[in-house]
2 protein chains.
Amino acid sequence: MIGNVDHVGIVVADLEAALPYYVDVLGLPLVLREEQPETGVRAAYLDAGPIRIQLVQPTRPGPLLTHLEEHGDGLHHVCFGVPDIAATLRRLAPGDDVTVAIGGGGRPVSFLPTRPSGLRIELTEIGSHD
Amino acid sequence: MIGNVDHVGIVVADLEAALPYYVDVLGLPLVLREEQPETGVRAAYLDAGPIRIQLVQPTRPGPLLTHLEEHGDGLHHVCFGVPDIAATLRRLAPGDDVTVAIGGGGRPVSFLPTRPSGLRIELTEIGSHD
């Protein structure tokens with residue numbers, strides 16, 4: 001199978017404004033905050049038990065900012081952890097010119113060009129140490 | 001904290017048409033299919049490692065069908081498992097008139113009336129046997 005769900009991504013216009021509800025009201029521990037210059041986002045990761053919830057704010061023009069401007073804050077994607085992102089992309093997106101960039105936790109990440117049932121699927125390459 | 005993520009819900013107009021990509025291409029095992037008359041949906045649950053992915057098709061008019069008609073197929077909600085749904089609703093939605101119905105796996109389920117960062121949050125009451 002493709003791999004385990006790693007996180008669910010929620011796009012937000014203002015990370016600082018969004019965080020308190022998740023941390024203080026829902027009580028989800030904040031485990032990581034980082035700037036991701038290659039993907040052009042600022043992200044925070046919350047421990048939601050078996051997976052993480054990612055709050056992600058675009059920091060430059062691109063598909064994520066366009067999505068935010070069109071739809072506002074909201075649930076955006078599901079990310080699967082895979083052992084070999086290049087191999088998974090060859091299988092699931094053969095012939096497509098897909099960009100791989102360094103994303104959350106310094107891992108290679110990519111979005112599939114296809115959207116089954118409208119679902120945006122991100123892949124993140126998890127090393128053997130994860 | 002609120003609880004662990006139980007599943008992520010993807011609303012679809014046609015469950016039978018949506019399933020093959022998830023099962024045959026992504027390789028996610030289909031673990032449960034059911035009609036949920038109280039919530040007015042037909043659902044399939046896929047094993048995505050630490051959580052399940054739910055494909056959910058509305059079977060009668062209601063908020064889910066309205067969402068589908070307005071937005072089409074797509075990622076819809078995150079569901080958290082909680083030990084006592086009434087207690088969680090008293091804490092997170094005090095004073096709100098929130099409906100609890102029997103949903104997936106025969107468990108009591110409810111949606112929070114608030115949508116932090118646009119996120120629809122469902123609760124499902126997990127018993128001690130889950």
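Residue numbers begin at 1 in each chain, while the letters A, B, ... track the order of the sequences. Note that this is a predicted model, so its numbers are computed, not measured.
Atom CG of A:D47 sits about 5.5 Å away from atom CE of B:M1, to the nearest 0.5 Å. To the nearest 0.5 Å, atoms CG (B:L119) and CG (A:L75) are separated by 5.5 Å.
Of the atoms belonging to B:R91, it is side-chain heavy atoms, and not backbone ones, that fall under 4.5 Å from chain A. Contact annotation for B:L112: only side-chain heavy atoms (C-beta onward) come within less than 4.5 Å of a heavy atom of chain A. Interface residue B:V25: backbone and side-chain heavy atoms are both found under 4.5 Å from chain A. With a 4.5 angstrom heavy-atom cutoff, B:V5 touches chain A via backbone and side-chain atoms both. With a 4.5 Å cut-off on non-hydrogen atoms, B:L26 touches chain A through its backbone and its side chain both. Contacts between B:H77 and chain A at a heavy-atom distance below 4.5 Å involve the backbone alone (N, CA, C, O).
The candidate from B:L55, B:I51, B:V78, B:L92 with the greatest count of non-hydrogen atom pairs under 4.5 Å with chain A is B:I51. If you tally non-hydrogen atom pairs under 4.5 Å between each of A:A48, A:A18, A:G74 and chain B, the highest count goes to A:A48. By number of non-hydrogen pairs under 4.5 angstrom with chain A, the leading residue of B:I10, B:V8, B:N4 is B:N4. Among A:G118, A:G49, A:S117, A:G27, the residue making the largest number of heavy-atom pairs under 4.5 Å with chain B is A:S117. Note on A:T88, A:T114, A:L28, A:I121: by heavy-atom pairs under 4.5 Å with chain B, the leading option is A:L28.
Across all non-hydrogen atoms, the minimal contact from B:Y22 to A:P116 is OH-O, 3.0 Å.
Linking ILVMFWY side-chain heavy atoms closer than 4.5 Å, directly or via other members, places A:L65 and A:V56 in a single hydrophobic cluster. Under the 4.5 Å side-chain heavy-atom criterion for grouping Ile, Leu, Val, Met, Phe, Trp and Tyr, B:V109 is not connected to B:L89 through any hydrophobic cluster. Both B:I53 and B:Y21 are members of a single hydrophobic cluster when ILVMFWY side chains are connected at heavy-atom separations under 4.5 Å. No continuous path of hydrophobic side-chain contacts links A:I126 to A:Y45 [ILVMFWY only; heavy atoms under 4.5 Å]. B:V98 and B:L64 fall into different hydrophobic clusters, where Ile, Leu, Val, Met, Phe, Trp and Tyr side chains are chained together by heavy-atom contacts under 4.5 Å.
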